[in-house]
Asker: 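If you scroll down you'll find the structure; I have some questions about it.
Counting begins at 1 with the first residue of the sequence.
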Amino acid sequence: QVQLVESGGGLVQPGGSLRLSCAASGFTLDNYVIGWFRQAPGKEREGVSCISGSDGRTYYSGSVKGRFTIFRDNAENTVYLQIHILQPEDTAVYYCAAARRELLFRPWMIWNVSEYDYWGQGTQVTVSS
């Protein structure tokens with residue numbers, strides 16, 4: 001049974017940092033792309049970063065580049081999202097999702113929600129003083 005479980009969210013002050021985790025089970029990362037998405041209240045879900053489970057190639061959306069770092073631990077079957085210099089506009093539910101690795105042959109589609117087959121339940125990140 002494929003499962004993705006996010007953790008690490010919470011309440012943090014502006015300028016702080018968080019590390020989110022996405023633990024995968026029921027499949028190995030090698031054959032998948034793992035993406036991180038977020039959804040703020042009243043807004044559409046947006047992709048922020050993704051990583052190839054096979055070769056570690058990383059991708060970032062323009063809105064988070066430089067502040068977010070995605071990395072993986074294949075031995076632990078876990079993908080992480082390190083977020084620095086958190087800002088109130090980063091407040092959202094953060095989701096990880098898995099898509100077959102062939103998605104990377106069509107990189108213009110990596111932020112397309114419908115390309116991802118499996119989703120976690122999300123973890124809330126709130127940035128507030």
Asker: Give a yes or no on whether the ring-centroid distance for F71 and Y80 is below 6.0 angstrom.
Answerer: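 Centroid separation for F71 and Y80: below 6.0 Å.
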Asker: Without swapping roles, check the side chain of Q121 against the backbone of V5 for a donor-acceptor pair under 3.5 Å.
Answerer: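 No, Q121 side chain to V5 backbone: no donor-acceptor pair under 3.5 Å.
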Asker: Please name the pair of heavy atoms, one in G53 and one in N74, separated by the smallest distance, quoted to 0.1 Å.
Answerer: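 The pair with the smallest heavy-atom distance is O-ND2, 3.0 Å.
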Asker: Mind checking the CZ-CG spacing from R72 to D30? Nearest 0.5 Å is all I need.
Answerer: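 It is 7.5 Å, given to the nearest 0.5 Å.
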Asker: Quick check: does any side chain N or O of E6 sit under 3.5 Å from a backbone N or O of C96, one acting as donor and the other as acceptor?
Answerer: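 Present.
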Asker: So how far is it from R19 CZ to T69 OG1, rounded to the nearest 0.5 Å?
Answerer: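 With rounding to 0.5 Å, CZ (R19) is 9.5 Å from OG1 (T69).
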Asker: Is L103 linked to W108 within one hydrophobic cluster, defined over Ile, Leu, Val, Met, Phe, Trp and Tyr using a side-chain heavy-atom separation of less than 4.5 Å?
Answerer: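 Shared cluster, yes.
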Asker: Looking at T78, is its backbone amide N or carbonyl O close enough to the side chain of D73 to form a donor-acceptor pair, meaning the two atoms are under 3.5 Å apart?
Answerer: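 Checking the backbone N and O of T78 against the side chain of D73, no donor-acceptor pair under 3.5 Å is found.
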Asker: If we ignore angles and hydrogens, is there a donor and acceptor under 3.5 Å between the side chains of S114 and N112?
Answerer: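 Yes, because at least one side-chain N or O of S114 sits under 3.5 Å from a partner of the opposite role on N112.
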Asker: Is E46 reaching over with its side chain to a backbone N or O of R38, donor-acceptor style, under 3.5 angstrom?
Answerer: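 Between the backbone of R38 and the side chain of E46 there is no qualifying donor-acceptor contact (under 3.5 Å).
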Asker: Would you please name every residue forming a side chain to side chain donor-acceptor pair (under 3.5 Å) with S21, sequence neighbours left out?
Answerer: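 If we apply the side chain to side chain donor-acceptor pair (under 3.5 Å) test to S21, skipping adjacent residues, there are no hits.
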Asker: Let me confirm one number: the CD-OG1 distance from E89 to T91, rounded to the nearest 0.5 Å.
Answerer: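 That separation rounds to 8.5 Å.
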Asker: So that I know where these two stand, are F37 and W119 an aromatic pair - ring centroids less than 6.0 Å apart?
Answerer: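 They qualify: ring centres under 6.0 Å apart.
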Asker: Are there over 12 heavy-atom neighbours, none belonging to E44, within less than 6.0 Å of that residue's CD?
Answerer: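 At most 12 heavy atoms, drawn from other residues, nucleotides or ligands, come within 6.0 Å of this atom.
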Asker: Tell me the closest heavy-atom pair linking G35 and C50, and the distance in Å.
Answerer: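 It is CA-CB, 3.6 Å.
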Asker: Could you go through T126 and S128, starting from their C-alpha distance and side-chain angles, then the distance that decides it, and tell me whether this counts as side-chain hydrogen bond (donor to acceptor under 3.5 Å, both in side chains)?
Answerer: CA-CA 6 Å; T126 302; S128 175; over 6 Å; no
Asker: Within the distance-only criterion (no hydrogens, no angle test), does the side chain of R57 pair as donor or acceptor with the backbone N or O of S52 below 3.5 angstrom?
Answerer: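 Checked: no pair found.
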Asker: What's the separation between atom CZ in R67 and atom OG in S49, rounded to the nearest 0.5 Å?
Answerer: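 Separation between the atoms: 12.0 Å.
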Asker: Without swapping roles, check the side chain of Q39 against the backbone of A92 for a donor-acceptor pair under 3.5 Å.
Answerer: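 Judged by distance alone, no pair lies under 3.5 Å.
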Asker: Can you tell me how far apart CZ (R106) and CD (E102) are? Round to the nearest 0.5 Å.
Answerer: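 Here the interatomic distance stands at 9.0 Å.
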Asker: Could you list the cluster mates of Y60? Members are the ILVMFWY residues connected by side-chain heavy atoms closer than 4.5 Å, either directly or through other members.
Answerer: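 Under the 4.5 Å side-chain rule, Y60 groups with V2, L4, V12, L18, L20, F27, L29, Y32, I34, W36, V48, I51, V64, F68, I70, V79, L81, I83, L86, Y94, Y118, V125, V127.
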